[in-house]
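In what follows, a single structure is set out as structure tokens and then discussed.
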Amino acid sequence: MTIEPFRIKVVEPIRMSTAAEREEALRAAGFNLFKVPASAIIIDLLTDSGTGAMSSNQWAAMMQGDESYAGGASWVRFETAVKDIFGFQHVIPTHQGRAAERILASTLCRPGQVVPNNTHFDTTRANIEATGAEAVDVPCPEAADLATPHPFKGNIDLEALRAVLDGGAEIPFAMMTVTNNGGGGQPAAMENIAAASRLCRSRGVPFYLDACRYAENSYFIQQRTPRYAATPLIDIAREMFSYADGCTMSAKKDGMANIGGFLCTNDDQLANREREVLILTEGFPTYGGLAGRDLEAVAVGLYEALDQDYQTYRAASTRYLGRHLAQGGVPIVEPPGGHAIYIDARRLLPHIPPSEYPGQALAIEIYRTGGIRSVEVGSVMFGRIDKATGRESPAANELVRLAVPRRVYTQSQIDYTVRMVLEVAARRETLRGVRIVEQPPVLRHFSAVFQPLADRSAAAAAAATT
Ligand code: F0G
């Protein structure tokens with residue numbers, strides 16, 4: 001039996017909202033959960049990014065934060081930790097993952113070039129596309145079948161990668177995201193990472209890892225590959241990084257910190273160019289956009305993420321949420337991912353077409369019922385609007401992500417979450433879709449205003465009787 005391998009030293013009160021308060025919060029937010037204030041949330045599963053609880057060791061290290069502008073002791077501890085685990089020659093600190101992505105893309109990418117990845121995270125894609133290059137996803141075929149489990153659904157499709165590499169376009173670098181957030185938080189196999197690396201290197205293309213959840217990926221490799229069953233997580237991580245020529249990292253995930261990130265490379269000249277951009281936009285190369293105390297929290301957190309008991313608990317708690325939802329008849333992406341459970345809203349709500357955003361409807365109802373915040377990962381986030389016709393094509397999947405913050409929620413809070421989602425699922429036929437009444441041209445999911453379609457028909461009926 002797996003229990004939480006920690007005890008609680010500091011607690012943060014949760015305010016229990018009433019159903020009426022949540023209804024009001026929803027209306028005020030235009031039914032967009034990004035705009036609901038956190039004070040009106042009971043269980044916040046919006047993201048696992050920067051939302052974790054730090055350990056007593058991290059807090060103790062923060063007290064030693066050296067806030068020197070240049071060459072601080074905290075920087076030395078940060079750089080030493082990153083080099084020890086990740087093994088790259090150059091470490092460039094940034095305030096979070098997307099800053100590392102921006103520096104990498106703006107330094108290496110040009111219009112017309114192509115960057116393949118198992119699945120680009122949305123900020124990675126946006127940073128590559130902002131340079132005029134094209135971001136191409138080549139996930140393994142198993143990833144498309146949401147319902148059928150496979151141990152390494154985060155793999156890259158090696159044949160498709162080869163086709164991109166040999167397709168005639170210039171490839172500034174190739175990438176693999178571990179675990180694959182866009183593909184359900186699924187891990188990539190060591191063999192697959194090594195093979196992708198060989199393909200890229202044989203063609204002189206630098207191979208990068210988007211390493212946000214590197215420790216979770218290492219744990220899945222250990223558990224699902226007999227050859228690694230007895231290998232310590234840190235050695236698995238080191239082997240994984242040995243296949244890469246660089247990485248981007250958001251320390252808000254497996255850095256176990258609330259802020260932070262970095263960019264690594266083995267290329268001296270590239271590192272110099274990247275540091276020039278860093279100085280322009282983030283800060284001096286020995287702190288990036290971070291305070292000394294933030295560097296300390298990451299330096300300790302990177303090792304805590306590799307603790308065997310921690311990862312055993314982490315995987316068990318996410319799996320627990322997924323198993324109980326699935327046993328209650330809620331279709332999820334199988335198997336449960338490392339950091340999140342993804343509910344398949346298309347299968348749960350077949351009566352709501354993609355044009356009426358079943359994922360958004362479900363996320364709203366889960367909040368309304370239990371004060372639980374999740375995030376739609378479907379046509380609101382990824383639907384594409386044709387500029388010429390104004391017509392919208394739906395996303396490949398209609399998912400709702402329940403991301404699990406690290407070391408934050410107890411099992412009874414997860415039990416509550418299961419109960420509330422099952423309550424919504426029990427009355428699934430009564431759920432109605434939503435429409436978008438206001439949206440910005442890009443990244444609309446953050447600020448779009450929605451209207452429940454049930455409201456609209458009620459309003460139409462009211463108008464008809466007056
Ligand atoms: N890459 C992956 C795979 C991510 O999941 C994220 C962030 C980033 C890069 C960017 O890092 O937020 O520090 O700038 N994912 C968060 C999420 C936001 O909710 O999945 P960042």
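Quick note: residue numbers are just sequence positions, from 1. Both counts, for ligands and for their atoms, begin at 1 and track the order of listing.
Judged as a ring pair (Phe, Tyr, Trp, His ring centres under 6.0 Å), the pairs with a partner in residues 244-267 (not counting sequence neighbours) are, in order, Phe78-Phe262, Phe86-Phe262.
Not a single donor-acceptor pair under 3.5 Å links the side chain of Glu4 to the backbone N or O of Thr410.
Looking at heavy atoms from C-beta onward, Met240 lies in side-chain contact with Asn217 at the 4.5 angstrom threshold.
Going from atom CG of Leu321 over to atom CD of Gln411 covers 11.0 Å, rounded to the nearest 0.5 Å.
In the model, Tyr287 has no side-chain atom that pairs as donor or acceptor with a side-chain atom of Glu67 under 3.5 Å.
At a 4.0 Å heavy-atom cut-off, the residues surrounding ligand 1 are Thr47, Ser49, Gln96, Gly97, Arg98, Glu101, Phe121, Thr123, Thr177, Asn181, Asp210, Cys212, Arg213, Ser250, Lys252, Lys253, Arg401, listed by chain and number.
Arg444 pairs with exactly one of Glu376, Glu392, Glu438 by the salt bridge (Lys or Arg N to Asp or Glu O under 4.0 Å) rule, that one being Glu392.
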